Protein chains: 2
Amino acid sequence: MGTTSKALSLLDFFSRKQPLIGLSALSRLSGLNKATTHRLLGELADFGMVEQVGAGRQYRLGPQFLRLAALREHNVPMRESASVLLETLANQTCETAHISLLHGQTLSTLSFAYGAGHGTFVHMEDAEILSLHATSSGLAVLAFSPADFVASVLSHGLTAHTSQTQTNSEAIRAQLADIRSTGIAISVGGFEEDVYSHAAPVFNANATCIGAMAVAAPVSRMTPDLSQRIHGLLSESARHLTRQWGGFPPDNFNTKIDPQRGPK
Amino acid sequence: MGTTSKALSLLDFFSRKQPLIGLSALSRLSGLNKATTHRLLGELADFGMVEQVGAGRQYRLGPQFLRLAALREHNVPMRESASVLLETLANQTCETAHISLLHGQTLSTLSFAYGAGHGTFVHMEDAEILSLHATSSGLAVLAFSPADFVASVLSHGLTAHTSQTQTNSEAIRAQLADIRSTGIAISVGGFEEDVYSHAAPVFNANATCIGAMAVAAPVSRMTPDLSQRIHGLLSESARHLTRQWGGFPPDNFNTKIDPQRGPK
DNA sequence: ACCACAGGTTCAAATAATGAACCGATTTAA
DNA sequence: TTAAATCGGTTCATTATTTGAACCTGTGGT
């Protein structure tokens, strides 16, 4: 592993829950020597990728990312184009629509939109972390990911976020087969109680699955009829997004779904 | 210079004008050996900081920045807090308000807001690059930056963006002295024709100037009266933002400005 | 007074970065 | 239709950078 990778890997320890990390802690987390960590952080800081905050000289992510993200988004408006589709989807379903991208072994939420017409919604936040085995989005991604990746994810500890989280890897593998045939993943209360969500995979130009689009509703509002509608609208939106992002589905992804009745 | 810095410096060659860069070109631009450039790009790509686009295998900024920017913004909502103030300022002045941060020897626009009530406005874009010597924001930053930094900026070629750009470094130094006493920088058509803009510096927790807030109006709409109003509102907003961002003005920044008449 | 842990620094030893030359494939110029 | 130039990418002996144990210094707790 190159020096640059080590430096960049430090950035991955910062999260919503842990926005501030001290030198020693980061050294421990990364397994790198304290002197090495210090030097790498210094280089990252020179570039505005981390910054030190007064009190305990702790580190946090720097302002540089705002600039680079704006530049990236200007060149490749992924977030913008996704947002437009999500707004439509949220309005059509009157529920929360979101899109999350694969990053390592978790999903990170890129954008979301709330529907209208109800008093309550499934809540979402930008950069929220979703686990692969416990969310519909995660299952959708796993279903279209390489076998070794799936094996790696399922072999690590499958944390139970709720009482309904499926932690049996064989049961999950069975679900993945279903998802591959329908093109839609479903999860009920696996990540948060009372959330019923549908998800469809999104692919890049190499036909690799890079994330998933999802619609999440309170369990109490889900009916076979609504599920049917979401199924149709969601798979259409996800396919649309794949195209907009310059990607295309892999050969094992059946694009010829009858919108009236679902596949098979 | 460490290896990590070399890798990160590659990111700085991507811009709005040049979003795609090939391996050889990037090697030339950075002065690094092609093999080195290739390896560094590979490491950056592993982390999603750059990605290769199909055709000519050219590189562009990667999707990772969206995630990190969202995380940073969640932890430290600089953009969000600035936007609120800019909206207010734009409404109060009925003109374009924006904030730009210092990055290297240029300013990068973080956020902006348009006023209401007129048919035309000064146009802005996210991540737009402003030069230090030719904009009011740049002058505001220079006025409160270390002497050696100012010297470095003024010694490099001062490009004339318009016929009205001031390129005489002595004349600019004289302006800086004025700006230090009033706390507001003014530039007329120095960057874009027909733009009359006011700017005020913003400081971080080390009392270092990190950027500037500005109000830009068409020259034709600028009157002594409007300038007076902008002067007051802008310096108040900028001071407010400095506080919100956890910073404070340096000792040589006079915070006791009479809002009726200006200082002195 | 003491210990434990924090951030940060030092310098010989070990490792990883470097770059000239090379490859095969396109593109351009003659 | 060649021939030269340029592209992205790779190789490997040489070289320079990274590395980490030990060491400061300061702080908060007992």
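This one's a predicted model, so the numbers in the text were calculated from it and none came from an experiment.
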What is the distance, to the nearest angstrom, from the CG atom on Leu32(A) to the C1' atom on dA14(C)? 16 Å
Is there a side-chain contact between His38(A) and the phosphate of dG7(C), meaning an N or O under 4.0 Å from OP1 or OP2? no
Can you tell which of dG8(C), dT9(C), dG19(C) lies closest to the side chain of Leu23(A)? dG8(C)
Closest to the side chain of Arg39(B), out of dT11(D), dT10(C), dT18(C), is dT18(C)
Answer yes or no: is there an ion pair linking Arg72(B) with Glu51(A), defined by an N-O contact shorter than 4.0 Å? yes
With a cut-off of less than 4.0 Å, is there a side-chain N or O of Gln52(A) near OP1 or OP2 of dG8(C)? yes
Using only side-chain N and O atoms of Ser24(B), determine if any of them is under 4.0 Å from OP1 or OP2 of dG8(D). yes
Rounded interatomic separation in angstrom, taking CG from Asn33(A) and C1' from dT9(C): 12 Å
Residue met sooner reading DNA chain C from 5', once Thr3(B) and Arg28(A) are mapped to nucleotides: Arg28(A)
Students often get this wrong, so: under 4.0 angstrom with heavy atoms, is Gln58(A) touching a base, only sugar-phosphate, or nothing? nothing
Please tell me if Tyr59(B) has a side-chain N or O lying less than 4.0 Å from either OP1 or OP2 of dG9(D). yes
Reckon Lys6(B) touches a base, only the sugar-phosphate, or nothing at all at heavy-atom distances under 4.0 Å? sugar-phosphate
Which sits closer to the 5' end of DNA chain D, Lys34(A) or Leu40(A), going by the nucleotide each is nearest to? Leu40(A)
I'd like to know if the side chain of Glu80(B) and the backbone of Pro77(B) have a donor-acceptor N/O pair within less than 3.5 Å. no
Does the side chain of Thr36(B) get closer than 4.0 angstrom to OP1 or OP2 of dA17(C) through an N or O atom? no
Taking the side chain as every heavy atom from C-beta outward, state whether Thr165(B) and Thr159(B) have any pair of such atoms under 4.5 Å apart. no
Could you state the CZ-P distance from Arg57(B) to dT27(C), rounded to the nearest angstrom? 14 Å
Whole angstrom value for the distance that separates P of dG8(C) from CD of Glu43(A): 15 Å
Would you call Leu176(B) and Phe144(B) a side-chain contact if the rule is heavy atoms closer than 4.5 Å? no
Between His123(A) and Glu192(A), is any side-chain donor less than 3.5 angstrom from a side-chain acceptor? no
